[in-house]
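Remarks on the structure that follows.
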Amino acid sequence: MEIKIIKAAPEKMKPKPKDESRLGFGNIFTDHIFTMTFKEGNGWRDAVIEPYRPLQLDPTAMCLHYAQEIFEGLKAYRGKNGEIFLFRPMENIKRMNISAQRMCMPAIDENVFVEALKKLVILDQDWIPHGEGTSLYIRPTMIATEASLGVHPASEYLFFIVLGPVGAYYPQGFAPTKIYVSEEYVRTAPGGTGYVKAGGNYAASLYASRIATDMGYTQVLWLDAREKKYVEEVGTSNIFFLIGDELITPELTGTILPGITRKSAIQLAEHWGMKVSQRQITIEEVIKSSQNGSLKEVFASGTAAIISPVGQIYFRGKEYMINSGQTGPLAEKLYNEILQIQYGLKEDSFGWRFKIN
Ligand SMILES: *Cc1c(COP(=O)(O)O)cnc(C)c1O
């Protein structure tokens, strides 16, 4: 499929942010958007990169009522010599198609998807910030657009990609988070949509997150829905525990999002000769190992922060300190390694970097 490109007129282009230390996350968007539309019987059509614009939707567009919506999140990184890299983008593309299948949405041709990413990022490349740790966030999204209030898989969809410069996650160095174990609310249940990146999962998680933040915690540590016993994820990230010399992360049982950062951290730790277990881990085991001193580190993984150390866990009225509230050496090593691979500062022995220019 041909991707048509309609460039924004120079006088219509937005001013680029001047202060890269104040980019934050997710508030600034570039000059262009990629869109293509799907109609049952016709497949995907009208792939176009055009000036960034609001969408026009019928008020009964099904995504607005029944949450048939999925998305992805990845980043473009500026290398030292003007190269532009993506990090394992084919993983995002494959995951989006898995999400699409679960939500009864149409698959996207991998070649069209990757071409759209490349062409859009290259067209808006001046928006990729230069500062250390900054990047251009990429948000591919698919929504059901059929105008209908009947509950059924829609027959029409819109796929779009928008981009926005984002700041360094740790401009002042690591800031270990305090997390709150929720025993009342769950993120997802067996048989549900926990393994897909669907907006509905996020909507359902907001209430517990607000309780946690009202109590002074950064994120919710989610337990399994059935027994409220096994640790699943933290906030919108995957979670790791270093207990003794075993690095543990919950196995992918269908209620956990298969993070690409998670996968990369596992591969790196194994490559370094560590014992890595993808297995069920109970909150009891975490608390006990904290009490007996064998819990060395806890950290989250995800595209936004790469690795986010956890300094404190709140469970049943008590706070448990981890590594004295400090970032541990493994979290730091994983963070640095992945970051350097992403920015082209280190040899990419796994072939994760994807140069687009
Ligand atoms: C996106 C996401 C992650 C992290 O995935 P990455 O591919 O590493 O960015 C983890 N958990 C949830 C619920 C997510 O939505």
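We count ligands from 1, going down the list as the structure has it; atoms in each ligand are counted the same way.
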* To do: Taking atom types as modelled, find out whether T327 and E332 have a side-chain donor-acceptor pair closer than 3.5 angstrom.
  => no

Nearest neighbour in protein (non-hydrogen) for [atom]:
atom	result
atom 2 (C) of ligand 1	K197 NZ, 2.5 Å
atom 8 (O) of ligand 1	T261 OG1, 2.6 Å
atom 11 (N) of ligand 1	E233 OE1, 2.5 Å
atom 9 (O) of ligand 1	T303 OG1, 2.6 Å
atom 3 (C) of ligand 1	T236 O, 3.4 Å
atom 5 (O) of ligand 1	G259 CA, 3.3 Å

For [X], atoms of ligand 1 separated by under 4.0 Å from a heavy atom:
X	value
Y202	14 (C), 15 (O)
R95	5 (O), 6 (P), 7 (O)
R187	13 (C)

* To do: Just do the salt bridge (Lys or Arg N to Asp or Glu O under 4.0 Å) check on K197 and E72 with the steps written out, would you?
  => CA-CA 7 Å; K197 252 180 148 53; E72 268 303 324; 5.6 Å; no

* **Y202 and F71 aromatic ring geometry - parallel, tilted or perpendicular at 30°/60° bounds** => perpendicular

* Asked: Parallel, tilted or perpendicular for F299 and F240, by the 30°/60° rule?
  -> parallel

* To do: Tell me which part of L257 gets within contact of ligand 1: side chain, backbone, both or neither, using heavy atoms under 4.0 Å.
  => side chain

* Asked: Which one of I260, I239, I306 has a non-hydrogen atom at the shortest distance from atom 7 (O) of ligand 1?
  -> I260

* To do: Taking only Lys NZ, Arg NE, NH1 and NH2, and the carboxylate oxygens of Asp or Glu, determine whether R279 and E285 approach each other closer than 4.0 Å.
  => yes

* Would you please test L268 and F350 for side chain to side chain contact (heavy atoms under 4.5 Å, CB included) and show each step? => CA-CA 9 Å; L268 280 171; F350 293 93; 3.5 Å; yes

* To do: Could you tell me whether a side-chain N or O of K14 sits under 3.5 Å from a main-chain N or O of F29, the two making a donor and an acceptor?
  => yes

* Is R78 reaching over with its side chain to a backbone N or O of I128, donor-acceptor style, under 3.5 angstrom? -> yes

* Would you say S237 touches ligand 1, if touching means a heavy atom closer than 4.0 Å? -> yes

